[in-house]
Amino acid sequence: MSRASAHIHSASDARRLAKRHLPWMIFDYIDGAAGEETGALRNRAALDGATLRPRILRDVSERSLSTTLFGKPCRRPFGIAPMGMCNLSGIGADLMLARLAAKYEVPHGVSTVASTPMEKIIEVAEGHAWFQLYFSGEGVGTFKLVERAKAAGYETLVLTADVPEVGRRPRELRHGFKMPFRIGPKQFIDFALHPHWSLSALFAGKPQMANFEMDGYEFDRTESRARADWETLKRLRDAWDGNLVVKGVLDVEDAVSLRNAGVDAVQVSSHGARQLESAPSPFSLLPAMRAALGSDYPIFFDSGLRSGEDALKALHAGADYVFFGRALQFAIAAGGEAGLAKLWDVFSDELSIAMAQTGLTSLTEMNAG
């Protein structure tokens, strides 16, 4: 265990240590949200305001954190959310996450704008990887990625639908954050003041979006994705015979329409409040989503999760499975692969202890009374 990872006892510890280590531009890219960031505060307020029901005098000496997902066993009820350009948090971060996914048999959400090719990630993850898809421009390159994902062995495709235009994140704009990097005097000074990160990044080579090293297709992170519509979804459903998840769902009517259109699961998410500052808290919508979609339809959740107790709250509120995002990047930035493993253990311990405090020995007992 690295020295830094020994100091990670919570997600906030990982964030504090990451802020010290990362260049300001990189930290704010990972940490930032849309507008004045009131949406991110609203996400946290909803989770913080929720409570769990303590129960006493129940034998909870043996507890299981396992669950099933699309009929397959998972050792944890939480997975890894798709996050773009993870290697900015630490060299090799994508493959650290992939190894974690393989060890715990949980899904690693592989972003369209991952720093490592999708084929390498699913190999290292031993098949425990889902490919996250952005529709972009006219969609020609998008469907090329779908075919690549199919050929690589991905069984689950996650269409992120809440980015018709990339949200305005002032922290990114102030730093002039762009991909590929544009290095001016301000960025040079920032990197010079964080030599450990900068020298590691220089040794590893220029950060890149690895899934776009193909002829005839260059990806522009800021390109409009506004052409995606219900006909696009139909084309995608016809082209993909595996599990299809739509991520970024914040409206009950939309969720019902997605189910009726043959989507296999919805992911209730505000993109970590990075898109629309005025979006509702995804957590607050879970009960209504569950009521509208019924007890058997899969509902996934991300946005604002910072602990194992948060995960249990979301599962109680109606989610079948949840995903952690930027906190995992902070753990990597703070302590490398040892830091990631430490924070994952923290989340596991927090969940297990919360289950004991609420009288649960397995997650299937949550609705047993």
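Along the sequence shown, residues carry numbers from 1.
For F324 and F347, the ring centers sit closer than 6.0 Å to each other. Aromatic pair W197/F27: ring centres not closer than 6.0 Å. Between F143 and W240, the distance from one ring center to the other does not fall under 6.0 angstrom.
Listed here is the closest heavy atom pair of P282 and S303: CG-CB, 3.9 Å. M118 approaches N211 most closely through the heavy-atom pair N-OD1, 2.9 Å. Residues D264 and Y297 come closest through the heavy atom pair C-OH, 3.7 Å. When all heavy atoms of F283 and F301 are compared, the closest pair comes out as N-CE1, 3.4 Å. C86 and L97 make their closest contact through SG-CD1, 4.0 Å (heavy atoms, listed as atom of the first residue, atom of the second, distance). I30 and S89 get closest at one heavy-atom pair: CD1-CB, 4.0 Å.
Taking a cutoff of 4.0 Å between a charged side-chain nitrogen and a carboxylate oxygen, K72 and E105 do not qualify as a salt bridge. Here K234 pairs with D238 in a salt bridge; the nearest charged N to carboxylate O distance falls below 4.0 Å. Classification of R15 and D31 as a salt-bridged pair holds, one side-chain N sitting under 4.0 Å from a carboxylate O. With respect to R290 and D320, a salt bridge is recorded, a charged nitrogen being found less than 4.0 Å from a carboxylate O. Taking 4.0 Å as the cut-off between side-chain N and carboxylate O, E337 and R99 count as a salt-bridged pair.
Relative to the ring axis of Y29, R274 places its NZ or CZ within 45° and under 6.0 Å from the centre.
By the criterion of side-chain heavy atoms lying less than 4.5 angstrom apart, applied directly or through intervening Ile, Leu, Val, Met, Phe, Trp or Tyr residues, V124 is not grouped with I91; the two fall into different hydrophobic clusters.
Side-chain contact check for Q267 and D302: at least one donor-acceptor pair (N or O, by modelled atom type) lies under 3.5 Å.
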